[in-house]
Amino acid sequence: MTDDTRSRILQVAHDLFGAQGYHATSIREIAERLELTKTAVLYHFPSKKEIIAALAEPLLADMEAAIDAANRAPGSDERQKRWAVIEGLLDVWLTHRDLLRLQMRDLALAAEGSVFDRFRDAAYLAQHIIAGPLADHVDRIRAAQAFGMLSDPVVMFADLPTEMLRAAVLSGVERLLEERPEPPAQEARRRGRPGAMTPEAIERARRMHASGRHTAAEIAGALGVSRATLYRHLSA
C-alpha cells in the first residue's frame, strides 16, 4: 500500500461524500469505486471517521495557522489583529469551499469528535480576537455574527469568482462591524490610488459589473482604484 493509494481513497471518499452524503456512504462503496477490497481501505483508515478527519486536516491546519499568525503579529493593534483574522479565515474558507459544502450537506465534519473540537476551539479564539479583549456582550455577539458571515456566503455562492466573492463578503463584514480594515484615505495613500470615484467612473464600474464578464480586481484595475473603493460604490 502506497501514499498514492491513500490519496486515491481520500479523493473518492470526498467525491462520494459530496454526491450522496457522509452518512449515506459506506467503506464498501469507497472500496468498490477504487476496485479495492474493504480490508485494503481499512488498512489506511480503520474507520470512516478517520477518513473525514484526514479530509478535514488541511482546513483545520490552515484555520489554526491564520488565527495564530494574526494573534502573534508583532506591533499589531486590536483593529489590525481583528482584520487579519477576518481576512485570513475568509481566505481559508475560499480555499476549502468544497469541504465546507460537504459539511453543509449533513454535518459530516461533526461526525469525528476531534475534528469538531479543533474547529470549535479555533472558532472561539477567532471570535475572541474579533471582539477584542474588553468586549461586552454586544461586541461578542457581533464577533460571532462576523465569524458566521465569512463561511455561509462562500458555501451558498461557491461558484462565483473568488475575487468578487471575497470583496462582497468583506464589504458585508465591514457594514456589520461599522469599520474597515483601513480608513479610505490611509488605504489610498498606501496603494497610491484615489479613495473616491467620479460619477462617470461609478457608472462605468456598474456597467462592467452588471455584464458579468469582469472580476472586481479587473474592474478596479481598469479604473485605477482599490477593490475596497470599488465595492463601496457597487454596493451603494
Side-chain angles (χ1 to χ4, degrees), residues 1-72 85-129 144 146-166 169:
M1 295 297 173
T2 65
D3 289 340
D4 179 63
T5 302
R6 178 183 173 89
S7 297
R8 289 171 57 218
I9 292 170
L10 290 176
Q11 183 59 58
V12 168
H14 178 278
D15 294 344
L16 287 173
F17 293 164
Q20 61 191 36
Y22 168 82
H23 297 289
T25 301
S26 67
I27 293 288
R28 185 175 300 281
E29 286 180 278
I30 296 171
E32 290 174 351
R33 179 71 64 91
L34 289 163
E35 298 183 346
L36 296 173
T37 64
K38 181 178 178 180
T39 301
V41 173
L42 293 173
Y43 172 85
H44 285 280
F45 301 100
S47 71
K48 194 168 63 168
K49 289 184 178 181
E50 294 199 24
I51 294 178
I52 199 67
L55 287 172
E57 178 58 34
L59 181 151
L60 292 171
D62 288 351
M63 182 182 181
E64 292 165 346
I67 296 169
D68 186 64
N71 208 22
R72 293 176 178 271
V85 166
I86 289 169
E87 295 194 32
L89 287 178
L90 178 55
D91 288 336
V92 171
W93 302 154
L94 288 166
T95 298
H96 299 285
R97 65 182 80 181
D98 56 339
L99 197 60
L100 291 181
R101 271 187 162 180
L102 190 156
Q103 163 69 1
M104 180 70 76
R105 181 185 179 104
D106 61 1
L107 302 179
L109 301 186
E112 168 48 43
S114 63
V115 172
F116 175 79
D117 290 345
R118 282 178 66 186
F119 185 92
R120 178 203 58 208
D121 292 346
Y124 283 159
L125 179 54
Q127 290 172 44
H128 175 74
I129 296 172
F147 181 84
M149 288 172 70
L150 297 176
S151 59
D152 289 356
V154 171
V155 174
M156 301 301 295
F157 302 98
D159 296 328
L160 287 179
T162 296
E163 288 292 341
M164 180 183 296
L165 184 53
R166 187 180 192 277
V169 171

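Sequential numbering from 1 along the given sequence is applied to the chain's residues. Every value quoted in this text rests on a predicted model; they were computed, and no experiment measured them. Because only heavy atoms are used, hydrogens play no part in the values below, and waters and symmetry mates are left out as well, while side chains stay in.
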Within this structure, what is the CD-CG distance for the pair Gln11 and Leu55, rounded to the nearest 0.5 Å?
8.5 Å

For the CD1 atom of Ile52 and the NE2 atom of His23, what is their distance to the nearest 0.5 Å?
9.0 Å

Distance, nearest 0.5 Å, that separates CD1 of Ile129 from CZ of Phe147
11.0 Å

Checking Tyr43 against Thr5 for the side-chain contact (heavy atoms from CB on, under 4.5 Å) test, could you report, in this order, the C-alpha distance in whole Å, the side-chain angles of both residues, the deciding distance, and whether it holds?
CA-CA 11 Å; Tyr43 172 85; Thr5 302; over 6 Å; no

Would you indicate whether the side-chain heavy atoms of Trp93 and Val155 approach each other to under 4.5 Å?
no

Which atom pair, heavy atoms only, marks the closest approach of Arg8 to Leu34?
NH2-O, 3.5 Å

Flag if over 12 foreign heavy atoms under 6.0 Å of CZ, Arg120
yes

Least distance between heavy atoms, Tyr22 atom then Lys48 atom:
O-NZ, 2.8 Å

Do Val169 and Met149 have side-chain heavy atoms sitting under 4.5 Å apart?
no

Taking the side chain as every heavy atom from C-beta outward, state whether Leu59 and Leu100 have any atom pair closer than 4.5 Å.
yes

Thr162 and Arg97: side chain donor to acceptor below 3.5 Å:
yes

Less than 4.5 Å apart, side chain to side chain, heavy atoms only: is that true for Pro161 and Glu163?
no

Contact list for residues 30-40, test side-chain hydrogen bond (donor to acceptor under 3.5 Å, both in side chains), sequence neighbours left out:
none

Applying side-chain contact (heavy atoms from CB on, under 4.5 Å), run through His96 and Val154 and close with a yes or a no.
CA-CA 9 Å; His96 299 285; Val154 171; over 6 Å; no

Tightest non-hydrogen contact, residues Ser47 and Leu42, listed as N-CD2, 4.3 Å

So which atom in Leu99 and which in Ala56 form the shortest heavy-atom distance, rounded to 0.1 Å?
CD2-CA, 3.7 Å

Rounded to the nearest 0.5 Å, what's the gap from CG on Asp98 to CD on Gln103? Could you check?
12.5 Å

Heavy-atom closest pair (Pro153 atom, Gly148 atom, distance to 0.1 Å) is CD-O, 4.3 Å

Provide the closest heavy-atom pair for Ala24 versus Glu29 in the form atom of the first, atom of the second, distance.
O-OE1, 3.3 Å

So CD1 of Ile67 and CZ of Arg72: to nearest 0.5 Å the spacing works out to 12.5 Å

Any non-hydrogen side-chain atom of Glu87 less than 4.5 Å from a side-chain atom of Arg166?
yes

Nearest-0.5 Å distance, CG of residue Asp62 to CG of residue Asp91:
10.5 Å

Using a 4.5 Å cut-off on heavy atoms from C-beta on, say whether the side chain of Ile30 contacts that of Ile51.
yes

